[in-house]
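In this chain, numbering begins with 1 at the start of the sequence shown.
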Amino acid sequence: MTRATRVRALLALVAVALSLYVAATVPVRLGLDLRGGTQIVLETRSTPSTPSTPSTPSTPSAPAGAEATARTVEVLRGRIDALGVAEPAIAQSGDHRIIVELPGVEDPAQAAAVLGRTAQLTFHAVLGTAGDASAPQSGDPSERVLADESGQSLRLGAASLTGGDVEGAHARFDQDTGAGWTVDLDFKGEGRDKWARLTGEAACRPAGDPARRVAIVLDDKVISSPQVDPSVACGTGITGGSTRITGTFDDGEARELALLISGGALPVPVETVEQRTVGPTLGAAAVTAAVRAAGIGTVLTSLFVIGIYRLVGALAVVALACHGLVSYAALAALGATLTLPGLAGFVLAIGMAVDANVLVFERAREEYATPRRTSLGSALTAGFRNAFSAVADTNVTTLIAAALLFFLGSGPVRGFGVTLGIGVLASMLSALVITRVLADLAFARRHVRRRPQLSGIAGIGTVREWVTRRDPDLMRRPRRWLAVSAAVLVLAGSGVLVRGADLGVEFTGGRLIEYATDRPVDADRAREVLAGAGFPRAVVQTSGEGRLTVRTAELTEAEEDRVTAAIGDLGGQADKLRDESVGPGIGEELRRGAVIALVVALTAQLLYLAARFRWTFGAAAVVAMSHDVVVLVGVFAWLGKPVDGVFVAALLTVIGYSVNDSVVVFDRVRELTRRERKRPFARVANAAVLQTVPRTVNTGTGAAFILAALAVLGEGSLADFALALLIGLAVGTWSSVFTAAPLAVELHRRERAPVAARRVAAG
């Protein structure tokens, strides 16, 4: 064993051992779409200044910047803790957004109401009832009229105390007096004296007089207006800095009131701009489907790799298992949240990890087939060396796509970017380190060297043999292939013009509700019933046996009840599996972000390829990527599939796929050009395409197994995600061979034409 092999073996052993420890001790946190719950996105709003009055000072405006949002997060954190939600998550996103995840909470309206209430608590002197003409008129412009607990209208004076004067609030059940649930308040600082003055003035009024009452107002609603006890002396009031709010509270109302008061008022108002709820049944079904797809897809991919590459294929399967272990451990160690698209990205990364192994094995086969290569070990070493640049470039381009998903995406799309990035890094470790260590150890055995046919690299393979025998000249007429690609582009892209892209609720704003019904519901019949219920523009889609999705504009709770009742009348019973609400502002922002992500992705890929290769290669690859994007969007438009956040994740992944294929071809073009400088560029490009066809076919087939399993066994967005990637895989394979390579040939001719003309003129 060489020193380099020992170092690689030690690195592989440490990585696997550490991953085993992390996987056994640190659980991966599941997203709400896999375990059920509610996600609420809040946006802070600035408050305008309130002009001063003779009795109240002016209130300055409160700007909703990063600092105010951070303070709001802390207040909300206290409210969430008091709600008793297990494993909640709250995080600030940018200067104005707050993302709250509440596992197990399936009533988003109630959760949003508790979180979004500003909890403006004030204490007022009662001047009299609104219809009492004998009560003294204060003439104070700040006087207000509010209904008390029984519905009687009270005239209230200016606020004497606010929630800022309260030190704490506690819900208690008073068995001694029979008052039931009460909320005890403790005042602090000057609030103690203010409370004594307020109650002292009220105590000077006779018993039964409305002016002997003190009104406690929360968010412009009188929650309690008790009379001051007769034992309280006039002018002295209630001392000690404590009081008790009584009323017809149940335990939940008392605790909610206490936590709102204790948490304090929000520094700035907040508005719910996005809301998602998924039931645990959907989460369990999604996990089961994804795990089943992962198992079947991985087994099929493993059998395919072993069948094609025999011994080294079996070693690659072991390395792929290590890849899955390392990826899982990295997710756990980073504390990443595994969402449904993230789980798909985790499964997809296993298929992508096959690519690096296939590149190495195909280069090793080429080396062993040359007359100068007779040793399996030397052929394998040359295969790793020659494939390194292509492996590095393809992984870097995929990492660029993953980074764009993370920085430009949001929610589940970011989760997919994290898992994809981790998977790419783990694939390099598994292919370049673990596979090589295992192969070096295996090829050092005498019985392996004596049976080269079992190694998997002694033969050139069926695909390469067929290509070598036929030796087609694909680049003789590059414009023909470009015309075919243009026709495919127009045919698919016309779907956007004819049918239009069915933008998801993330991009349009509105409400999306997914139901599970007792019996199948016809989509056309559901549209008719919803139109009769007052929702003529509702979009209805079926997604499997007893599954129905309704997308509308924003709904009030009463309107949502009408929609649910209408679906229930058709399906027997309508259980909500998913409920998403996105405001029009955030929908427009997400649309803009998706476009920016695509533009940045194309620009980043162009710059990288131009730096690594030449500008003509970069331009050809970007055109091929644009071709794939338009075709994929167009096909989804023709199929009537939703273009949502998950689709954007798939689209950016397809960009990475397309670039990978183009990079492999151009990497071989660069290598052949250095070796055969006088050979015509079209012949070089043709040779590069033919030499990389085995890799393209084998890698695509390996990835297709997993994607097909996801498409067949997955549900809803997971199936659409896999379908988009299957289409992108097929289109990306075509474009790398019949769009990028022919376009590079044409650009090379145009680039060389002026040079040749200048030489003729000079001669």
Side-chain angles (χ1 to χ4, degrees), residues 13-40 77 80-81 83-91 93 99-106 111 276-298 320-350 353 402 405-406 409-427 429-430 578 646 649 706 710 713-715 717-718 721:
L13 184 62
V14 170
V16 172
L18 185 61
S19 298
L20 279 172
Y21 173 77
V22 173
T25 57
V26 182
V28 169
R29 185 171 162 226
L30 297 180
L32 294 181
D33 51 0
L34 298 180
R35 58 176 172 168
T38 295
Q39 181 190 72
I40 301 173
R77 197 183 307 279
I80 293 171
D81 291 341
L83 282 173
V85 179
E87 298 182 22
I90 179 169
S93 176
I99 301 175
V100 180
E101 292 187 353
L102 306 173
V105 175
E106 297 178 43
R276 302 175 188 274
T277 300
V278 59
T281 302
L282 177 62
V287 172
T288 301
V291 170
R292 187 185 302 119
I296 295 175
T298 302
L320 288 176
C322 296
H323 163 271
L325 174 64
V326 171
S327 299
Y328 179 88
L331 284 173
L334 292 175
T337 300
L338 188 59
T339 61
L340 186 59
L343 186 60
F346 179 77
V347 175
L348 177 62
I350 298 176
L405 284 170
F406 180 79
S410 62
V413 177
R414 297 189 70 184
F416 176 79
V418 171
T419 53
L420 180 61
I422 291 174
V424 169
L425 295 175
S427 71
L429 174 68
S430 67
R578 183 164 54 127
V646 175
I706 291 183
L710 287 172
L713 300 177
E715 299 178 357
S717 58
L718 180 61
F721 176 85

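- Taking the side-chain contact (heavy atoms from CB on, under 4.5 Å) definition, one finds that Ala330 meets it with Ile422, sequence neighbours left out.
- Scanning all heavy atoms of the two residues, the minimum distance from His323 to Ser427 falls at CD2-N, 3.2 Å.
- Evaluation of the side-chain contact (heavy atoms from CB on, under 4.5 Å) rule for Leu20 yields Val16, Leu325 as partners, not counting sequence neighbours.
- Ala332 pairs by the side-chain contact (heavy atoms from CB on, under 4.5 Å) definition with Val22, Val26, Val28, not counting sequence neighbours.
- Taking all atoms of both residues into account, the shortest heavy-atom contact from Ala329 to Ala23 is CB-N, 4.4 Å.
- Smallest separation of non-hydrogen atoms from Ala15 and Val326: O-CG2, 4.5 Å.
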